[in-house]
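Both backbone and side-chain heavy atoms feed into the values below; hydrogens, waters and symmetry mates do not. Predicted model, so just to flag it, every value in this text is computed and none were measured.
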Amino acid sequence: MSRGLLDNVTILIPAHNRPERLSRLIDYYRGTGAKLLIPDSSDIKFSGDIDDDNIIYRHYPRTHMLVKVRNVLDLIATPYVVYCADDDFAVPEGLAAAASFLDANPDFCIAQGHYLTFTPNRDGSVEFTPRYIRNFDCRIDSDNPLDRLSAEKGMYASLLYALTRTSTFRNIYSHCFDENGTLLFRNLFLAEEYFNHAALLAGKYATLPVFFSARERIKGSATDTTVPSSVIKNAPEYADDYNGFLTSVANSMVSATGLSFEEAFQKAGIVSHAPGDSKSVLFKRRVNSILAKSRWLRWASNLSEWRYHQKGLKAVRGMESYPCRVITPEIEKILDAVKSN
(Lines give C-alpha, C1' and ligand atoms only; values in the text may rest on other atoms or scores of the structure.)
Protein backbone atom coordinates (compact mmCIF):
# COMPACT_ATOMS: atom_id res chain seq x y z
CA MET A 1 0.00 0.00 0.00
CA SER A 2 1.43 3.38 -1.00
CA ARG A 3 2.08 6.08 1.58
CA GLY A 4 -0.40 8.92 1.72
CA LEU A 5 0.72 12.52 1.82
CA LEU A 6 -0.42 12.92 5.43
CA ASP A 7 0.06 9.50 7.03
CA ASN A 8 1.78 11.19 9.99
CA VAL A 9 -0.95 13.80 10.62
CA THR A 10 -4.25 13.72 12.51
CA ILE A 11 -6.71 16.44 11.52
CA LEU A 12 -8.89 17.27 14.51
CA ILE A 13 -12.24 18.70 13.38
CA PRO A 14 -14.27 20.13 16.31
CA ALA A 15 -17.60 19.98 14.47
CA HIS A 16 -20.68 21.84 15.68
CA ASN A 17 -24.07 22.10 13.93
CA ARG A 18 -22.72 22.47 10.38
CA PRO A 19 -23.16 18.98 8.89
CA GLU A 20 -22.96 20.18 5.28
CA ARG A 21 -19.53 21.71 5.89
CA LEU A 22 -18.32 18.69 7.82
CA SER A 23 -19.39 16.49 4.90
CA ARG A 24 -17.46 18.56 2.35
CA LEU A 25 -14.38 18.55 4.57
CA ILE A 26 -14.44 14.77 4.94
CA ASP A 27 -14.65 14.43 1.15
CA TYR A 28 -11.81 16.95 0.74
CA TYR A 29 -9.39 14.83 2.80
CA ARG A 30 -10.22 11.44 1.32
CA GLY A 31 -7.15 9.86 -0.23
CA THR A 32 -4.61 12.09 1.55
CA GLY A 33 -3.74 9.48 4.19
CA ALA A 34 -4.68 11.89 7.00
CA LYS A 35 -6.44 10.54 10.07
CA LEU A 36 -9.64 12.49 10.77
CA LEU A 37 -10.66 12.79 14.42
CA ILE A 38 -14.09 14.39 14.78
CA PRO A 39 -15.44 15.29 18.25
CA ASP A 40 -18.89 16.57 17.30
CA SER A 41 -20.89 18.69 19.76
CA SER A 42 -23.83 19.12 17.36
CA ASP A 43 -27.36 18.69 18.64
CA ILE A 44 -27.96 15.91 16.12
CA LYS A 45 -25.52 13.09 15.33
CA PHE A 46 -23.86 13.36 11.92
CA SER A 47 -25.46 11.05 9.36
CA GLY A 48 -22.95 11.48 6.53
CA ASP A 49 -20.48 8.95 5.17
CA ILE A 50 -17.83 8.17 7.80
CA ASP A 51 -17.27 4.54 6.84
CA ASP A 52 -13.52 4.93 6.51
CA ASP A 53 -10.64 3.40 8.50
CA ASN A 54 -9.01 6.84 8.70
CA ILE A 55 -12.03 8.49 10.38
CA ILE A 56 -12.87 8.40 14.08
CA TYR A 57 -16.16 10.10 14.94
CA ARG A 58 -17.48 10.76 18.45
CA HIS A 59 -20.76 12.52 19.24
CA TYR A 60 -20.76 14.70 22.36
CA PRO A 61 -23.97 16.78 22.03
CA ARG A 62 -23.80 20.31 23.47
CA THR A 63 -20.35 19.69 25.00
CA HIS A 64 -17.84 22.54 25.48
CA MET A 65 -15.05 22.55 22.89
CA LEU A 66 -12.23 22.05 25.40
CA VAL A 67 -14.05 19.15 27.03
CA LYS A 68 -14.75 17.33 23.78
CA VAL A 69 -11.12 17.81 22.73
CA ARG A 70 -9.93 16.36 26.04
CA ASN A 71 -12.22 13.37 25.46
CA VAL A 72 -10.41 12.38 22.24
CA LEU A 73 -6.77 13.20 23.05
CA ASP A 74 -5.88 9.55 23.65
CA LEU A 75 -7.21 8.65 20.20
CA ILE A 76 -4.46 10.61 18.41
CA ALA A 77 -1.98 8.02 17.13
CA THR A 78 0.16 10.16 14.79
CA PRO A 79 3.19 12.32 15.66
CA TYR A 80 1.43 15.51 14.51
CA VAL A 81 -2.03 16.98 14.96
CA VAL A 82 -3.76 20.07 13.57
CA TYR A 83 -7.06 21.76 14.31
CA CYS A 84 -9.26 22.38 11.30
CA ALA A 85 -12.61 24.08 11.90
CA ASP A 86 -15.45 22.50 9.94
CA ASP A 87 -15.69 25.64 7.74
CA ASP A 88 -11.95 25.75 6.93
CA PHE A 89 -9.57 23.88 4.63
CA ALA A 90 -6.10 23.07 5.98
CA VAL A 91 -4.21 22.45 2.72
CA PRO A 92 -2.65 18.94 2.55
CA GLU A 93 0.47 20.19 0.79
CA GLY A 94 0.96 22.89 3.44
CA LEU A 95 0.48 20.39 6.25
CA ALA A 96 3.01 18.06 4.66
CA ALA A 97 5.55 20.90 4.40
CA ALA A 98 5.04 21.79 8.07
CA ALA A 99 5.44 18.14 9.09
CA SER A 100 8.68 17.87 7.10
CA PHE A 101 9.96 21.03 8.79
CA LEU A 102 9.18 19.69 12.27
CA ASP A 103 10.80 16.35 11.37
CA ALA A 104 14.00 18.21 10.52
CA ASN A 105 13.87 20.66 13.47
CA PRO A 106 13.20 18.83 16.75
CA ASP A 107 13.50 22.02 18.83
CA PHE A 108 10.42 23.45 17.07
CA CYS A 109 7.05 22.18 18.29
CA ILE A 110 4.65 24.10 16.07
CA ALA A 111 4.63 25.38 12.48
CA GLN A 112 2.22 26.77 9.91
CA GLY A 113 2.22 28.69 6.64
CA HIS A 114 0.18 31.44 5.04
CA TYR A 115 -3.58 31.88 5.22
CA LEU A 116 -6.38 33.03 2.95
CA THR A 117 -9.95 33.78 3.87
CA PHE A 118 -12.63 33.02 1.30
CA THR A 119 -16.18 34.21 0.74
CA PRO A 120 -18.59 32.36 -1.57
CA ASN A 121 -20.60 34.89 -3.58
CA ARG A 122 -24.22 34.63 -4.72
CA ASP A 123 -23.13 34.31 -8.36
CA GLY A 124 -21.22 31.11 -7.56
CA SER A 125 -17.77 32.71 -7.54
CA VAL A 126 -15.42 32.55 -4.56
CA GLU A 127 -13.34 35.53 -3.45
CA PHE A 128 -10.02 34.91 -1.70
CA THR A 129 -8.35 37.47 0.58
CA PRO A 130 -4.87 37.27 2.19
CA ARG A 131 -4.81 36.91 5.97
CA TYR A 132 -2.12 37.69 8.59
CA ILE A 133 -0.09 39.61 6.02
CA ARG A 134 1.98 41.29 8.75
CA ASN A 135 3.54 37.94 9.64
CA PHE A 136 4.94 36.53 6.41
CA ASP A 137 8.16 35.13 7.84
CA CYS A 138 7.62 35.13 11.59
CA ARG A 139 9.74 32.81 13.69
CA ILE A 140 9.89 32.70 17.46
CA ASP A 141 12.98 30.68 18.20
CA SER A 142 14.51 31.81 21.48
CA ASP A 143 15.77 29.01 23.71
CA ASN A 144 14.09 30.75 26.68
CA PRO A 145 10.36 29.96 27.08
CA LEU A 146 9.59 33.33 28.68
CA ASP A 147 11.33 35.18 25.85
CA ARG A 148 9.24 33.22 23.34
CA LEU A 149 6.10 34.19 25.24
CA SER A 150 7.03 37.88 25.16
CA ALA A 151 7.78 37.72 21.43
CA GLU A 152 4.19 36.73 20.66
CA LYS A 153 2.85 40.20 21.43
CA GLY A 154 2.39 42.33 18.32
CA MET A 155 2.32 39.21 16.12
CA TYR A 156 -1.31 38.35 15.57
CA ALA A 157 -1.29 35.11 13.68
CA SER A 158 -3.13 32.57 15.78
CA LEU A 159 -1.22 29.39 16.54
CA LEU A 160 -4.40 27.45 17.28
CA TYR A 161 -4.64 26.09 13.73
CA ALA A 162 -0.94 25.38 13.24
CA LEU A 163 0.52 21.87 12.95
CA THR A 164 1.61 20.76 16.43
CA ARG A 165 3.54 17.85 17.83
CA THR A 166 1.02 15.50 19.43
CA SER A 167 3.00 15.32 22.68
CA THR A 168 2.90 19.13 22.91
CA PHE A 169 -0.81 19.22 22.05
CA ARG A 170 -1.69 16.77 24.83
CA ASN A 171 0.44 18.64 27.36
CA ILE A 172 -1.21 21.95 26.47
CA TYR A 173 -4.70 20.65 27.19
CA SER A 174 -3.71 18.86 30.37
CA HIS A 175 -3.44 22.28 32.04
CA CYS A 176 -7.00 23.39 31.18
CA PHE A 177 -8.52 21.22 33.92
CA ASP A 178 -8.05 21.02 37.67
CA GLU A 179 -7.12 17.88 39.62
CA ASN A 180 -10.79 16.81 39.62
CA GLY A 181 -11.09 17.10 35.84
CA THR A 182 -13.14 20.30 35.99
CA LEU A 183 -12.65 22.82 33.19
CA LEU A 184 -10.90 25.92 34.53
CA PHE A 185 -12.33 28.44 32.02
CA ARG A 186 -14.91 28.47 29.21
CA ASN A 187 -14.50 31.55 27.00
CA LEU A 188 -13.43 30.51 23.49
CA PHE A 189 -11.34 33.62 22.84
CA LEU A 190 -9.41 32.88 26.02
CA ALA A 191 -9.04 29.27 24.82
CA GLU A 192 -7.31 30.49 21.67
CA GLU A 193 -5.12 32.91 23.62
CA TYR A 194 -4.24 30.14 26.06
CA PHE A 195 -3.17 27.85 23.22
CA ASN A 196 -0.91 30.57 21.80
CA HIS A 197 0.78 31.08 25.17
CA ALA A 198 1.10 27.40 26.06
CA ALA A 199 2.47 26.42 22.63
CA LEU A 200 5.26 29.01 22.82
CA LEU A 201 6.11 28.00 26.37
CA ALA A 202 6.47 24.43 25.08
CA GLY A 203 8.77 25.13 22.13
CA LYS A 204 9.78 27.16 19.10
CA TYR A 205 7.48 28.29 16.29
CA ALA A 206 7.92 28.95 12.56
CA THR A 207 5.83 30.44 9.76
CA LEU A 208 6.76 28.76 6.47
CA PRO A 209 6.41 30.30 2.96
CA VAL A 210 3.69 27.84 1.88
CA PHE A 211 -0.06 28.05 1.30
CA PHE A 212 -1.35 26.49 4.52
CA SER A 213 -5.05 27.13 5.02
CA ALA A 214 -8.19 28.76 3.64
CA ARG A 215 -10.75 29.96 6.18
CA GLU A 216 -14.37 30.70 5.30
CA ARG A 217 -15.92 33.94 6.50
CA ILE A 218 -19.32 33.18 8.00
CA LYS A 219 -21.50 35.75 9.73
CA GLY A 220 -23.01 34.56 12.98
CA SER A 221 -20.16 32.20 13.81
CA ALA A 222 -18.83 31.67 17.33
CA THR A 223 -16.50 34.63 16.81
CA ASP A 224 -19.51 36.93 16.53
CA THR A 225 -21.38 35.53 19.54
CA THR A 226 -18.57 34.97 22.08
CA VAL A 227 -17.85 37.59 24.75
CA PRO A 228 -14.59 39.37 23.78
CA SER A 229 -11.60 38.48 25.93
CA SER A 230 -11.04 42.19 26.67
CA VAL A 231 -14.40 42.15 28.49
CA ILE A 232 -13.65 38.90 30.29
CA LYS A 233 -10.35 40.30 31.56
CA ASN A 234 -11.87 43.44 33.06
CA ALA A 235 -15.46 42.75 34.11
CA PRO A 236 -15.96 41.54 37.71
CA GLU A 237 -18.71 39.12 36.71
CA TYR A 238 -16.18 37.13 34.65
CA ALA A 239 -13.45 37.07 37.31
CA ASP A 240 -13.72 33.31 37.92
CA ASP A 241 -13.34 32.50 34.22
CA TYR A 242 -10.37 34.83 33.84
CA ASN A 243 -8.65 33.49 36.95
CA GLY A 244 -9.12 29.97 35.61
CA PHE A 245 -7.46 31.04 32.36
CA LEU A 246 -4.53 32.58 34.25
CA THR A 247 -4.22 29.39 36.29
CA SER A 248 -3.96 27.35 33.09
CA VAL A 249 -1.28 29.65 31.66
CA ALA A 250 0.58 29.60 34.99
CA ASN A 251 0.51 25.79 35.11
CA SER A 252 1.98 25.65 31.60
CA MET A 253 4.62 28.16 32.64
CA VAL A 254 5.55 26.13 35.73
CA SER A 255 5.89 23.04 33.54
CA ALA A 256 8.14 24.82 31.04
CA THR A 257 10.29 26.95 33.38
CA GLY A 258 10.21 25.55 36.91
CA LEU A 259 8.93 28.81 38.36
CA SER A 260 6.75 28.68 41.45
CA PHE A 261 3.03 28.80 40.75
CA GLU A 262 2.68 32.20 42.48
CA GLU A 263 5.38 33.79 40.33
CA ALA A 264 4.03 32.16 37.17
CA PHE A 265 0.49 33.38 37.92
CA GLN A 266 1.75 36.93 38.30
CA LYS A 267 3.70 36.75 35.02
CA ALA A 268 0.66 35.25 33.26
CA GLY A 269 -1.40 38.30 34.25
CA ILE A 270 1.26 40.69 32.95
CA VAL A 271 1.50 38.87 29.62
CA SER A 272 -2.27 38.65 29.29
CA HIS A 273 -2.80 42.39 29.74
CA ALA A 274 0.03 43.43 27.41
CA PRO A 275 -1.41 44.79 24.13
CA GLY A 276 -1.23 42.26 21.34
CA ASP A 277 -1.30 44.90 18.60
CA SER A 278 -0.36 48.51 18.06
CA LYS A 279 -2.80 51.22 19.13
CA SER A 280 -3.63 52.02 15.51
CA VAL A 281 -4.51 48.40 14.71
CA LEU A 282 -6.66 48.11 17.84
CA PHE A 283 -8.43 51.38 16.93
CA LYS A 284 -9.19 50.14 13.39
CA ARG A 285 -10.63 46.93 14.78
CA ARG A 286 -12.94 48.81 17.14
CA VAL A 287 -14.14 51.06 14.31
CA ASN A 288 -14.75 48.12 11.98
CA SER A 289 -16.68 46.33 14.71
CA ILE A 290 -18.96 49.35 15.17
CA LEU A 291 -19.49 49.72 11.42
CA ALA A 292 -20.34 46.04 10.98
CA LYS A 293 -23.07 46.19 13.65
CA SER A 294 -24.84 49.26 12.23
CA ARG A 295 -27.38 48.83 9.45
CA TRP A 296 -26.98 52.51 8.49
CA LEU A 297 -23.19 52.25 8.24
CA ARG A 298 -23.11 49.02 6.24
CA TRP A 299 -21.73 50.91 3.24
CA ALA A 300 -18.75 52.06 5.30
CA SER A 301 -18.16 48.53 6.55
CA ASN A 302 -18.21 47.21 2.98
CA LEU A 303 -15.77 49.94 1.90
CA SER A 304 -13.43 49.05 4.76
CA GLU A 305 -13.51 45.37 3.77
CA TRP A 306 -12.82 46.26 0.13
CA ARG A 307 -9.80 48.36 1.13
CA TYR A 308 -8.47 45.53 3.32
CA HIS A 309 -8.87 43.11 0.41
CA GLN A 310 -7.02 45.41 -2.01
CA LYS A 311 -4.24 46.10 0.49
CA GLY A 312 -3.77 42.37 0.99
CA LEU A 313 -3.67 41.61 -2.74
CA LYS A 314 -1.05 44.31 -3.24
CA ALA A 315 1.08 43.05 -0.35
CA VAL A 316 1.21 39.44 -1.58
CA ARG A 317 1.48 40.07 -5.30
CA GLY A 318 3.64 37.39 -6.90
CA MET A 319 3.89 35.21 -3.78
CA GLU A 320 3.15 31.56 -4.60
CA SER A 321 2.02 30.96 -1.02
CA TYR A 322 -0.86 33.43 -1.54
CA PRO A 323 -2.63 32.19 -4.71
CA CYS A 324 -5.42 34.78 -4.64
CA ARG A 325 -5.62 35.68 -8.31
CA VAL A 326 -4.46 32.44 -9.94
CA ILE A 327 -5.89 28.94 -10.05
CA THR A 328 -3.46 26.44 -8.53
CA PRO A 329 -4.18 22.73 -7.94
CA GLU A 330 -4.66 23.50 -4.22
CA ILE A 331 -7.14 26.31 -4.94
CA GLU A 332 -8.93 24.15 -7.51
CA LYS A 333 -9.57 21.44 -4.91
CA ILE A 334 -10.99 23.99 -2.47
CA LEU A 335 -13.20 25.51 -5.15
CA ASP A 336 -14.50 22.08 -6.12
CA ALA A 337 -15.29 21.32 -2.46
CA VAL A 338 -17.09 24.65 -1.91
CA LYS A 339 -19.12 24.52 -5.12
CA SER A 340 -20.15 20.88 -4.68
CA ASN A 341 -21.63 21.66 -1.25
Side-chain angles (χ1 to χ4, degrees), residues 4 6-19 21-30 32-90 92 95 98-99 102 109-110 112 158-188 190-192 194-196 198-199 202 213 222 244-245 248 251-252 255:
L6 298 177
D7 281 355
N8 58 349
V9 173
T10 292
I11 300 173
L12 197 159
I13 305 170
H16 184 72
N17 287 338
R18 291 195 286 228
R21 283 175 169 78
L22 176 57
S23 181
R24 80 181 182 187
L25 197 56
I26 290 172
D27 289 341
Y28 176 73
Y29 287 117
R30 291 191 194 278
T32 64
K35 312 300 184 292
L36 303 187
L37 180 55
I38 308 170
D40 183 6
S41 55
S42 300
D43 298 336
I44 301 172
K45 186 175 181 180
F46 182 66
S47 60
D49 182 11
I50 52 175
D51 185 17
D52 190 309
D53 291 341
N54 280 345
I55 300 175
I56 298 176
Y57 174 88
R58 296 289 186 271
H59 188 218
Y60 304 110
R62 295 176 291 279
T63 299
H64 191 278
M65 188 197 73
L66 293 175
V67 175
K68 68 180 183 179
V69 169
R70 177 197 55 185
N71 291 346
V72 299
L73 286 177
D74 290 341
L75 299 177
I76 304 172
T78 57
Y80 303 115
V81 60
V82 63
Y83 268 121
C84 183
D86 53 18
D87 55 343
D88 293 352
F89 294 96
L95 293 173
L102 292 176
C109 73
I110 192 164
Q112 62 185 340
S158 177
L159 308 186
L160 183 63
Y161 298 98
L163 189 74
T164 310
R165 295 188 188 277
T166 297
S167 56
T168 300
F169 195 86
R170 288 199 182 107
N171 184 57
I172 286 173
Y173 284 105
S174 70
H175 298 303
C176 292
F177 300 84
D178 66 17
E179 62 275 9
N180 298 315
T182 302
L183 183 61
L184 289 169
F185 64 95
R186 302 186 63 84
N187 182 269
L188 294 180
L190 289 182
E192 183 167 351
Y194 166 72
F195 190 95
N196 291 351
S213 182
F245 160 77
S248 295
N251 287 337
S252 293
S255 177

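In plain terms, the two heavy atoms of Asn251 and His175 that are nearest each other are CB-ND1, 3.6 Å. When every heavy atom of Arg58 is checked against every heavy atom of Val72, the shortest pair comes out as CG-CG1, 4.3 Å. Of all non-hydrogen atoms in Arg170 and Ile76, the two that sit nearest each other are NH2-O, 2.6 Å. For Leu190 against Phe185, the heavy-atom pair with the smallest separation is C-CE1, 3.8 Å. Contact detail for Ala202 and Cys109: the closest heavy-atom pair is C-SG, 4.1 Å. Of all heavy-atom pairs spanning Ala90 and Cys84, the tightest one is N-SG, 3.6 Å.
Counting only heavy atoms from C-beta outward, the side chains of Leu12 and Pro39 approach each other to under 4.5 Å. Side-chain contact between Leu22 and Ile38 is present, with heavy atoms from C-beta onward closer than 4.5 Å. Looking at Tyr173 and Leu73, their side chains come closer than 4.5 Å, going by heavy atoms from C-beta outward. Under the 4.5 Å side-chain criterion, counting only non-hydrogen atoms from C-beta, Ser158 is not in contact with Phe195.
Arg70 places a side-chain N or O within 3.5 Å of a backbone atom of Gly181 that can act as its donor or acceptor partner. Listed for the Asn196 side chain is a donor-acceptor partner under 3.5 Å among the backbone atoms of Leu159.
For Asn54, there are no side-chain hydrogen bond (donor to acceptor under 3.5 Å, both in side chains) partners, not counting sequence neighbours. With sequence neighbours excluded, no residue forms a side-chain hydrogen bond (donor to acceptor under 3.5 Å, both in side chains) with Ser213. Taking the side chain to side chain contact (heavy atoms under 4.5 Å, CB included) definition, one finds that Asp51 meets it with Asp49, sequence neighbours left out. Contacts of Asp52 classified as salt bridge (charged side-chain N to carboxylate O under 4.0 Å, His left out), with partners at least two apart in sequence or in another chain: Arg30. Partners of Ala162 by side chain to side chain contact (heavy atoms under 4.5 Å, CB included), not counting sequence neighbours, listed by chain and number: Ile110, Gln112.
Between the CG atom in Asp86 and the CZ atom in Arg18 there is a gap of 4.5 Å [rounded to 0.5 Å]. For the atom pair Leu184 CG and Ser248 OG, the distance stands at 4.0 Å (nearest 0.5 Å). Between Thr78 atom OG1 and Ile11 atom CD1 the span is 9.5 Å, to the nearest 0.5 Å.
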Considering only distance and modelled atom types, tabulate donor-acceptor pairs under 3.5 Å from the side chains of residues 41-48, sequence neighbours left out.
{"residue": "Ser41", "atom": "OG", "partner": "Ala15", "partner atom": "O", "Å": "3.4"}
{"residue": "Ser41", "atom": "OG", "partner": "His16", "partner atom": "ND1", "Å": "2.8"}
{"residue": "Ser41", "atom": "OG", "partner": "Lys68", "partner atom": "NZ", "Å": "2.9"}
{"residue": "Ser42", "atom": "OG", "partner": "Asn17", "partner atom": "N", "Å": "2.5"}
{"residue": "Ser42", "atom": "OG", "partner": "Asp40", "partner atom": "OD1", "Å": "2.5"}
{"residue": "Asp43", "atom": "OD1", "partner": "Arg62", "partner atom": "NH1", "Å": "3.4"}

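Between Phe89 and Tyr28, the ring planes are perpendicular. Angles over 60° get that label, and only those under 30° would be called parallel.
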